[in-house]
Amino acid sequence: MSPKAECLPSAAYAGAASRSRTLYERACKVMPGGNTRHSIALHPYPVYAASGAGCRVTDVEGEERVDFLNNFTSLILGHAHPEVTRAVQQRVASGTAFTMPTETDVALAELLCERVPYVEQIRFCNSGSEAVMLAIKAARAFTGKHKIAKFEGAYHGIYDYAEVSEGPTAGNWGDPADPERILEPGSPPSQADDVVLLRWNHFDQCRAQIERHRDHLAAVIADPVCAGIGMIAPRPGFLEMLREATARAGVLLISDEVLSFRVAYDGALTAFGIAPDLVSLGKIIGGGFPTGAVAGSRRVMSVFDHTGECRVHHGGTFNANPVTTTAGLETMRRMTREAYDGLNALGDRIRERLARMLADSGIGGQVCGRGSLFLAHLNTEPLVDYRSLRGYSRTQPAYLDLCHEMLRRGIMTSPRGLFGCLSTPMTEAEIDAFVGAARESLLAVRGH
Ligand SMILES: Cc1ncc(COP(=O)(O)O)c(C=O)c1O
């Protein structure tokens, strides 16, 4: 059903001369579904971007909005930071890609190795999915084992093994002790044998699965913020238990920080006092350009060392391309401890204010997230694991209406839920604008 014109993101978007609609019609002729990235699909057609500056984006109709998505968390300084832009322009003018390494790859690698206690060595690639794939391959090569364990409902990008059971339903998720492995339609059935499913926050289930599969299990992969599982906080001691159980079983722990690296200056697990064996990175370390990285202890990273045994081949035409590493270096240099502290304090503010608004307005709900990340759940049942999310689904129709309402009120958010992230140009005024728009939008959606 098509939404009513007055509920759409703006009159210009809905109107006969809509540029977004015209662009979408052109896109439909040359791309399946008119789309080249499922996660940004919007019904009835996308809002096409024209430009961005700081924490604001302007669409092709000329409407400006505050951007709480930041290209799905990858822009921590917001759009077109003047000094990052200047450095990139200089880089572009003096060549964008070489069949040679550059000084900026070394400098960005040094910065990350200095900051994160569990990053001794690093290699760059071009996306978070690739980083996850390389971490899994490295774990297999290092341990000589082939299975990987992941959390039911967790998102780690589009590598086949990491995609298993990303969105199972009550109809197919099976035994809580040993969940069904739900494959993507394009995956071979044999893949299910090589993946073990864990359940977030279930200490005994995780210990039992790790022990049961220890002889074949290369690694457990976990996103410390668990963005795919509604950002439900780990129970006290849960991540520490994972570290201990994996170490005891001779299984590597991969911390997937593609998204969660933005929560802390020195890595998402440092605050927990634990160190994974490998970490996958992406998003913010590219300063707005495509990137990824696999990193970890020198011992495990040695599987990539071509001067030694070289157990994992790692090519990639654009690995550490100098435009990305220049933008990444300029961005990460600006993300000092103080910059993280300021951003994370704003994160506390938006989580508190959203929770208060949901309670005071009678809408009800609860807010998860850490650092500069937040996600509001519109239910009040205890949230423990993927199965407990029940009412929350990345594709619930109610979120589409909510997204349209938020866009109409000048806030960029997603039809996949009421979540977002902050960027350093934001102030309390933008936080208050988000909370005000969320309140009005939620009440409006109820009236639809
Ligand atoms: C935790 C996590 N891992 C991996 C990925 C994949 O990263 P990319 O989209 O750069 O392939 C994402 C993307 O959102 C992610 O959130």
Side-chain angles (χ1 to χ4, degrees), residues 35-41 68-76 122-139 148-167 184 195 198 200 219-234 239 242 253-264 267-269 276 278-296 316 318-321 324-325 327-328 331 368-375 386 394-395 413-417 419-421:
N35 170 282
T36 192
R37 184 182 177 194
H38 287 146
S39 51
I40 61 163
F68 281 87
L69 292 177
N70 289 299
N71 190 31
F72 277 136
T73 76
S74 63
L75 301 169
I76 200 158
I122 188 164
R123 292 179 73 94
F124 295 105
C125 53
N126 295 292
S127 72
S129 297
E130 228 185 294
V132 165
M133 176 184 76
L134 288 165
I136 289 173
K137 288 186 177 193
I148 63 140
K150 64 159 291 192
F151 285 90
E152 187 176 54
Y155 182 68
H156 298 289
I158 59 168
Y159 180 45
D160 298 37
Y161 296 87
E163 276 186 319
V164 174
S165 288
E166 225 170 56
E184 290 296 306
V195 177
L198 306 179
W200 189 244
V220 167
I221 183 164
D223 166 4
V225 173
C226 237
I229 313 183
M231 296 190 197
I232 299 171
L239 296 172
L242 279 185
L253 181 62
I254 302 173
S255 185
D256 180 2
E257 301 188 20
V258 168
L259 188 144
S260 53
F261 192 58
R262 68 153 41 233
V263 304
L269 283 186
L278 286 163
V279 51
S280 44
L281 299 170
K283 302 212 191 236
I284 65 165
I285 66 161
F289 288 83
T291 197
V294 55
F318 286 101
N319 290 354
N321 81 80
T324 293
T325 52
T331 298
C368 293
R370 187 143 65 91
S372 52
L373 297 163
F374 62 92
L375 196 163
Y386 176 74
R394 282 171 261 192
T395 51
T413 181
S414 162
R416 297 182 150 220
F419 63 81
C421 67

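Both counts, for ligands and for their atoms, begin at 1 and track the order of listing.
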### Task
Identify, by atom number and element, the atoms of ligand 1 in contact range of S127, meaning under 4.0 Å from any of its heavy atoms.
10 (O), 11 (O)

### Query
With side chains defined as the heavy atoms from C-beta onward, is the minimum distance between I122 and F124 less than 4.5 Å?
yes

### Task
Using only heavy-atom distances, determine whether the side chains of T324 and N321 contain a donor-acceptor pair under 3.5 Å.
yes

### Query
Quick one: does Y155 get within less than 4.0 Å of ligand 1, heavy atoms only?
yes

### Query
Which atoms of ligand 1 have any heavy atom of K283 under 4.0 Å away?
13 (C), 14 (O)

### Query
Nearest protein heavy atom to atom 16 (O) of ligand 1: under 4.0 Å?
yes

#### Entry: N70 side-chain N/O to T73 backbone N/O, donor-acceptor pair under 3.5 Å
no

### Query
Which of the atoms in ligand 1, numbered in the order shown and given with their element, are less than 4.0 Å from a heavy-atom of D223?
1 (C)

### Query
Considering only heavy atoms, which of V258, T291, L259 lies nearest to atom 5 (C) of ligand 1?
V258

### Task
Just jot down the ligand 1 atoms closer than 4.0 angstrom to any heavy atom of H156, in number order.
3 (N), 4 (C), 5 (C)

#### Entry: Side-chain touch E130/Y159, heavy atoms, less than 4.5 angstrom
no

### G128 N/O to ligand 1 N/O under 3.5 Å
yes

### Query
Do N71 and K283 have side chains that get closer than 4.5 Å, going by heavy atoms?
no

